[in-house]
Amino acid sequence: MATTNQELQKWVDDVARLTRPDNIHWCDGSETEYQGLVKQMLASGELLELNQDTHPGCYLHRSDPTDVARVEHLTYVCTRKRDDAGPNNHWLAPAEAHERMDKLFEGCMQGRTMYVIPYCMGPIDSPYARCGVEITDSPYVAVNMRLMTRMGAAALARIERDGSFVRGLHSIGELDPEQRFIMHFPEELSIKSFGSGYGGNALLGKKCHALRIASWQARQEGWLAEHMLIVGVENPQGETHYLACAFPSACGKTNLAMLLPPASHAGWKIWTVGDDIAWLHVDDKGQLRAINPEAGYFGVVPGTNAKTNRNAYDMIGRDTIFTNVAVTADNQPWWEDKDTGEPALDWQGRQYTPGNGKAAHPNSRFTVAAKHNPSWSPRAEDPSGVPISAIVFGGRRRELAPLVYEARDWQHGVLVGAGMASETTAAATSKVGVVRRDPMAMKPFCGYNFADYWAHWLALGERAAEPPRVFHVNWFRQDERGRFLWPGFGENLRVLRWMIDRCEGRIEARDTPIGLLPHPGDLDTDGLAVEDDTLEALLSVDSSAWQQEMTEIGKYLESFGERVPAELKARQEEVLKRLS
Ligand code: OXD
Ligand code: MN
């Protein structure tokens with residue numbers, strides 16, 4: 001018996017009987033195991049060695065070309081009652097979903113090894129952490145899980161101590177898009193994923209457990225599982241404020257979490273606690289605290305260079321698994337906007353020719369342990385997490401949303417989050433660049449009905465002694481010629497500073513119908529090539545466009561029916577009234 005937890009052992013035995021693997025490997029999470037799996041995948045061609053002189057410990061995985069992103073249309077939340085999953089999720093009755101999935105899993109691991117991966121989401125000794133076990137037939141998943149989570153013996157020991165874990169069953173199957181489903185059973189704390197090896201579909205600790213299942217669990221237990229980065233901003237006096245920021249996929253969360261202060265900001269430091277997921281709890285003193293359940297990054301590669309994200313650029317120079325990037329003639333990884341070198345082979349391993357499209361896939365990724373990030377915060381290991389001063393929502397909006405505004409209070413903040421919209425990106429397989437509603441950046445990840453989720457947000461604020469302030473930012477405003485109005489990247493620190501000054505009560509703000517905006521003089525633009533009229537445009541509120549937006553938000557809320565909290569509707573009506 002590989003574990004003293006009988007439930008786990010029984011589940012592993014049952015899965016083995018169903019899937020019929022040749023071997024079973026219980027992952028211990030050791031370096032020797034990692035190196036052994038890498039060696040095995042180099043031999044099988046699942047990994048390719050990159051230039052070890054320039055990129056020690058770096059490897060490339062080329063996925064099946066039809067398996068390069070999350071598949072939202074094939075992702076289901078299977079609750080007993082359909083309304084519990086809500087209009088925001090695809091739904092199937094649990095029995096039907098199990099039947100469909102078990103047919104696919106039958107015998108699917110013949111000729112393969114089954115990996116049993118115990119993992120812990122969150123610091124191993126944190127009361128806020130939760131464990132899971134992923135069973136998979138993909139060694140690529142096993143090595144990625146080791147980089148992304150606290151995986152192996154320590155996690156198994158905690159499972160044996162606590163007795164509880166989320167069950168995640170995964171097989172790459174034949175990587176057939178017609179036989180691909182990602183099913184969640186929140187009431188059973190279990191996941192079944194078949195037919196994809198792509199991170200968000202296959203590394204079950206991440207989106208499937210830490211967001212969809214955890215959001216459900218969080219509602220039962222009185223906390224929040226959110227699609228948020230966690231960043232610490234340290235001022236020259238040595239005071240650090242932590243912000244939790246929700247942005248949709250591929251909208252710059254990793255860049256903001258690792259921001260390098262510009263030369264104008266000597267003495268400022270940024271600390272990365274997390275770049276994608278935050279679990280938020282109100283502690284016994286009423287303070288909102290956050291942990292990052294992950295231990296690594298699965299970040300978008302294209303666009304990463306020494307100017308946009310120096311920390312990430314340095315970090316992925318070693319001990320990184322790249323997925324779907326291009327390579328140079330001397331076998332270094334290459335991607336669009338890398339700023340050095342040129343591609344010889346594209347992400348599919350073909351001779352690079354511009355006629356074939358981008359050299360690196362737009363959703364190509366790096367997987368790397370968080371500790372390699374130069375701005376990694378040791379507080380990421382703090383079992384009690386970090387205190388949160390502000391919640392920040394943001395989207396990718398060419399127009400309308402100003403650079404930054406503040407909600408009047410927590411309840412209005414929940415409306416701001418619920419009304420979020422953003423242009424779609426290559427992180428999911430659908431049309432890119434279409435504006436869609438993405439409340440709290442959780443559209444693809446909330447494991448239950450959004451109406452109940454908003455009610456839960458409102459209730460959580462009531463438990464906080466002093467709820468954090470809530471802001472909305474938009475780094476992506478463009479002029480009519482398509483040029484960005486705000487320089488972004490490191491300069492976003494100026495906006496973070498304004499928010500922190502607001503939290504500390506150091507400055508006033510300008511009251512507008514949509515919320516509180518900076519007085520232009522309070523946003524430090526010294527040394528920036530941002531003209532006064534550009535700043536005015538960035539901080540303007542177009543009443544008639546906002547009336548339309550608020551009306552649409554109202555209709556969107558109504559589409560969730562009776563379950564939408566009356567408080568949220570009242571807040572939407574109030575803003576609309578102010579606008580008229
Ligand atoms: C991600 C995503 O990979 O949001 O983080 O798609
Ligand atoms: Mn994400």
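Whatever order the structure lists ligands and atoms in, that order sets their numbers, starting from 1. These figures come from a predicted structure and were not determined experimentally.
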Asp137 side chain to Ile172 backbone, donor-acceptor under 3.5 Å: yes
Exam field: side chain Trp334 to backbone Gly341, donor-acceptor pair closer than 3.5 Å: yes
Any residue meeting side chain to side chain donor-acceptor pair (under 3.5 Å) with Thr254, in chain and number order, not counting sequence neighbours: Asp275
Salt-bridge contact Arg180-Asp67 (side-chain N to carboxylate O under 4.0 Å): yes
For the Mn ion (ligand 2): protein N/O/S atoms at distances below 2.8 Å: 3
Backbone N/O of Leu568 and side chain of Trp454: donor-acceptor pair under 3.5 Å: no
Anything under 3.5 Å between an N or O on ligand 1 and a protein N or O? List each pair with its distance, or write none.
residue, atom, partner, partner atom, Å
ligand 1, 3 (O), Arg365, NH1, 2.9
ligand 1, 3 (O), Arg365, NH2, 3.3
ligand 1, 4 (O), Lys207, NZ, 3.0
ligand 1, 4 (O), His227, NE2, 3.3
ligand 1, 4 (O), Ser249, OG, 2.5
ligand 1, 5 (O), Lys207, NZ, 2.9
ligand 1, 5 (O), Asp276, OD1, 3.2
ligand 1, 5 (O), Asp276, OD2, 3.1
ligand 1, 6 (O), Arg70, NE, 2.9
ligand 1, 6 (O), Arg70, NH2, 3.3
ligand 1, 6 (O), Ser249, OG, 3.2

Whether Phe322 and Trp335 hold their rings parallel, tilted or perpendicular, with breakpoints at 30° and 60°: parallel
Donor-acceptor contact present, side-chain Arg437 to main-chain Gly419, <3.5 Å: yes
Partners passing ring pair (Phe, Tyr, Trp, His ring centres under 6.0 Å) against His184 (at least two apart in sequence or in another chain): none
Main-chain N/O of Phe298 paired to Arg365 side chain as donor or acceptor, under 3.5 Å: yes
